[in-house]
Amino acid sequence: MTLPEFEDNPFQIRLSFHKIIEHLELAYSEKEDSATRKLLDEIREHPELKDGITTIEQIEDNSALIAKISGVLFPPLLTNNEIKALSIPYQGLIFNYSKRFREIIQAAGDNFEIAIRNFDDHQFYVFSCCLILNQFYGTSIDFAKPLFCDIPSGKGYTRHFRILYNADFLEIVAIKETPVLTKKDIKRLLNNYDDLDLWKEKFPRETWLMKGFALMSLIDVTTENAVSQLKGDLLGNGDDPELHLKMESVFRSIFRISEVKIGFTSYDEINGKFRNITFGQQIQSFLLANGNNEALTRNLFKEAYEKLVNDNTYFAIADVSEFIRHIPGSAVAKNFKSFKIASFILAPIVKNGSILGFLELASPHRNVFNSVNANRLENLMQYLTDTIDRKIAEFRNRVQAVIQNNYTTLHPSVNWKFEREVHNFIRITASGKGYDLREIKFKNVYPLYAQLDIQNSSITRNNSTLNDLTDQLGQLARLFTLVGSENHEAQVTPALSRIQLILDDLASGLKSDSEQHIQKLLETFFHPLLTQQRTSSPKTTSVIDAYLDQAGSVSGAFSINRRNYDRTLADMNGILVTILDKRHEEIQQLFPHYFERFKTDGVEHNLYIGESIYPDHEFAEAELERLRMWQLLVTAEMETAQRKLKNTLPYPLGLTALILVYSTPINIRFRMDEKHFDLDGAYDIRYEIVKKRIDKAHIKDTSLRITEKEKLTIVYAKDEERESYYQYISILQNLGVFSGSVEDLEIEDLQGVSGLKALRIGIGNDRSITSYDGLYQTAYDMLSKKPGWN
């Protein structure tokens with residue numbers, strides 16, 4: 001059987017030991033050596049060893065003699081360590097193995113043959129041609145690339161080796177008339193690597209002889225290769241269903257063990273919680289399995305927590321059963337035991353000082369993983385960290401995209417529950433199953449509502465619009481009168497009459513459609529007529545142009561009153577929102593709750609607080625009382641700040657303040673169709689009805705509103721609510737926030753609502769409060785001393 005070689009080959013192949021033989025002959029001629037003479041005598045009986053071997057049978061027949069000839073290349077003391085053999089480069093012909101090389105091949109299986117990874121006929125032919133170019137045509141082409149092969153270990157994992165060839169014992173000889181290649185030809189070849197036909201044309205088959213052999217060495221690069229493979233896997237499709245299998249194969253190679261299970265658990269450092277956010281849905285978390293996510297942070301045994309979270313070092317258990325005997329309360333160890341895991345490593349993934357999560361490596365065999373071999377992870381942790389950081393960011397972006405598309409932009413206090421639902425959605429849909437996002441609900445939450453309304457804002461807006469329109473129509477009438485004096489009276493008289501009719505109508509007040517109607521007449525009738533008169537009345541051209549400039553400008557004189565109103569509204573809302581947002585950020589830190597605010601002609605806000613919104617902490621009534629105290633304070637602070645501001649505004653408008661007390665817990669749900677929270681249940685709807693009706697409510701048996709400027713009105717329904725707020729008010733009176741006596745009011749019966757009452761108290765007194773910054777904590781401290789505080 002002929003020697004194995006590529007079908008298309010610019011070389012004829014001859015396996016020859018002529019260079020070693022020539023070296024032996026030279027050495028013998030200089031100093032007679034009986035052993036060398038005896039070896040040379042044996043070689044002369046087998047001329048093919050020097051002239052060239054062409055068949056496998058010749059190699060087998062001469063194997064013992066070949067071993068003697070190449071003995072200088074295979075020192076006996078190194079045969080158990082070095083991985084060497086003789087070969088013809090790239091051709092698949094390998095023989096005369098060192099002892100270690102032979103053991104590696106035998107462990108791989110009876111039919112295993114070494115193949116160069118990602119190396120094909122095309123590469124071989126071009127590489128061979130580059131050898132010829134460098135030797136015969138004076139080029140210096142660097143075509144070398146790392147060559148690798150993969151060899152099964154026989155123990156359930158694959159080892160990876162880099163191949164090195166020593167070609168000192170090879171020579172290339174032209175045996176036929178070689179082509180004449182010009183610089184242009186060589187340049188064309190170098191620019192057309194993919195054109196194999198061109199290379200074959202310039203380098204015909206079997207035109208050169210490759211004679212000799214190469215010394216082939218393997219270097220174990222299993223760990224380096226595994227890291228490189230891991231990079232490729234993680235940079236690829238994170239949703240690849242085979243990703244976990246590929247990663248497990250990588251770690252089998254790194255640790256040289258047959259069975260490895262991998263897991264990953266992300267860590268929310270802000271909340272101190274573990275979460276199951278992974279690269280692909282097949283990579284599970286052993287830590288969070290069996291519904292252990294809520295209890296894990298509380299039960300993670302101290303030693304592991306200190307190493308992982310505080311010290312950012314590996315935590316390894318070589319024998320889970322023994323560990324459980326020593327620490328029987330370890331929920332984590334028991335969790336691993338339930339998966340028949342006998343040894344494991346937890347490795348923290350740390351980025352910029354923050355823990356992103358934990359890599360979990362597990363084996364069903366004892367002592368396979370331990371604190372010593374855990375350090376093998378050092379070579380790949382930095383890359384794992386960067387990749388996991390990116391993958392987690394991508395996953396979070398995907399979660400937020402689903403939330404924004406299906407829900408809306410959410411308050412951080414409730415975002416966690418939406419994220420949990422979206423995690424389920426992504427996990428289940430990734431497995432090919434259908435999943436409809438569910439409505440999010442929070443049960444037994446306490447609602448708080450308050451509004452600050454800009455008093456007479458609608459009246460002021462109408463008056464400002466009315467004044468602007470009256471001014472503009474008056475100016476327009478004077479302009480048409482001036483044009484009429486220029487002998488155009490017949491043309492402008494109808495316009496003047498129409499203007500007067502509009503002014504007469506405005507004298508009785510602005511109707512709902514007056515502004516739109518007048519603007520349409522200005523644009524379609526008055527202004528086109530005025531533009532027509534402009535060209536026929538040269539003396540009035542500049543006056544007409546000046547009017548049209550003002551009429552067409554949003555900053556012109558004919559919108560000054562409306563601009564003043566808009567500025568007043570914007571400045572008032574601005575200071576209210578600034579204070580509300582600042583103070584809410586502070587109170588949110590004490591006990592997270594849902595918050596939303598709305599800007600209209602003033603500011604209103606909704607709050608919901610309860611354990612279902614913040615399940616990680618036990619909810620007590622004291623949290624509700626503190627939030628109620630906060631609501632009273634922030635409402636007073638906003639009204640006080642606006643009162644100081646109003647004298648600097650075009651319209652010195654005042655505020656009315658209103659708070660609704662509702663001490664019965666309610667259920668809320670997020671409506672998917674309307675993208676907002678709504679009450680869940682017929683009974684809870686009453687709260688929303690009360691909220692909408694009290695705004696314009698009157699004191700019973702009077703025409704007076706329950707709200708009054710510079711006072712806070714607190715609407716309630718139960719006597720215990722009244723008693724609680726009397727205590728809050730008393731504290732704030734002592735601090736100078738409220739002044740005067742408390743008014744007890746009965747509210748008129750509203751549609752669908754009756755029996756409501758109200759407390760009304762003045763905001764501020766003769767003691768000027770220079771800053772509210774310290775009052776909040778002082779009020780909380782005083783509140784905590786009242787009877788019943790817990």
Side-chain angles (χ1 to χ4, degrees), residues 107 153-159 222-223 226-227 230 244-267 274-276 278 282-350 355-381 384-385 388:
S153 67
K155 297 179 180 180
Y157 62 90
T158 300
R159 299 176 67 179
T222 298
T223 299
V227 172
L230 186 65
H244 72 297
L245 298 178
K246 294 177 181 178
M247 292 181 68
E248 286 175 354
S249 174
V250 166
F251 284 108
R252 281 198 299 270
S253 295
I254 291 175
F255 286 92
R256 290 170 167 76
I257 56 180
S258 59
E259 293 182 74
V260 175
K261 295 178 181 180
I262 64 167
F264 180 78
T265 302
S266 68
Y267 181 67
F274 296 85
R275 300 188 185 279
N276 189 9
T278 63
Q282 300 300 321
I283 304 179
Q284 65 176 324
S285 165
F286 298 119
L287 289 176
L288 299 185
N290 302 323
N292 199 36
N293 53 325
E294 294 299 330
L296 187 59
T297 43
R298 296 189 291 271
N299 295 329
L300 187 62
F301 43 91
K302 182 180 179 182
E303 183 182 356
Y305 196 90
E306 288 180 350
K307 281 182 172 291
L308 292 170
V309 179
N310 298 335
D311 300 336
N312 295 339
T313 58
Y314 309 124
F315 182 82
I317 295 297
D319 189 335
V320 170
S321 297
E322 182 180 350
F323 188 83
I324 291 176
R325 285 195 295 272
H326 284 86
I327 307 180
S330 169
V332 174
K334 289 182 178 178
N335 214 34
F336 275 82
K337 184 75 172 178
S338 70
F339 284 96
K340 298 182 179 179
I341 292 171
S343 61
F344 66 84
I345 295 172
L346 299 180
I349 309 297
V350 182
I355 296 179
L356 304 178
F358 304 109
L359 175 69
E360 307 164 0
L361 299 178
S363 170
H365 304 292
R366 291 182 299 168
N367 302 317
V368 168
F369 287 121
N370 52 68
S371 62
V372 176
N373 64 12
N375 290 281
R376 292 185 187 177
L377 294 171
E378 288 289 344
N379 292 330
L380 53 87
M381 288 307 292
L384 269 174
T385 296
I388 289 172

Would you indicate whether the side-chain heavy atoms of Ser371 and Phe315 approach each other to under 4.5 Å? no
With sequence neighbours excluded, residues passing side chain to side chain contact (heavy atoms under 4.5 Å, CB included) with Val368: Ile257, Ser343, Ser363, His365
Heavy-atom distance under 4.5 Å between the side chains of Arg159 and Ser153, does that happen here? yes
Once rounded to the nearest 0.5 Å, what's the spacing between atom CG of Leu356 and atom CZ of Phe264? 6.5 Å
Taken in chain and number order and not counting sequence neighbours, the residues that satisfy side chain to side chain contact (heavy atoms under 4.5 Å, CB included) with Ser249 are Arg252
What residue pairs, at least two apart or across chains, pass salt bridge (charged side-chain N to carboxylate O under 4.0 Å, His left out) with a residue in residues 370-381? none
Taking side-chain hydrogen bond (donor to acceptor under 3.5 Å, both in side chains) as the test, write out the residues that go with Thr158, two or more places apart. none
Sequence neighbours left out, what pairs pass salt bridge (charged side-chain N to carboxylate O under 4.0 Å, His left out) with at least one residue falling in residues 313-324? Asp319-Arg366
When rounded to the nearest 0.5 Å, the distance separating CZ of Phe286 from CG of Leu361 is 9.5 Å
Can you sort out the partners of Ser321 under side-chain hydrogen bond (donor to acceptor under 3.5 Å, both in side chains), two or more places apart, ordered by chain and number? Lys337
Could you state the interatomic distance from CZ (Phe251) to CD1 (Ile262), rounded to the nearest 0.5 Å? 6.0 Å
Mind checking the CD1-CD1 spacing from Ile345 to Ile317? Nearest 0.5 Å is all I need. 10.5 Å
Can you tell me how far CG of Leu346 sits from OG1 of Thr313, rounded to the nearest 0.5 angstrom? 11.0 Å
Using the ring pair (Phe, Tyr, Trp, His ring centres under 6.0 Å) criterion, which residues pair with Phe255? Sequence neighbours excluded. Phe369
If every non-hydrogen atom of Leu377 is compared with every non-hydrogen atom of Ala347, which pair is closest and at what distance? CD1-CB, 3.9 Å
Test item: Phe344 and Glu360 side chains (from C-beta on) under 4.5 Å apart, heavy atoms: no
Please round to the nearest 0.5 Å and tell me the distance separating atom CD1 of Ile254 and atom CG of Asn373. 11.5 Å
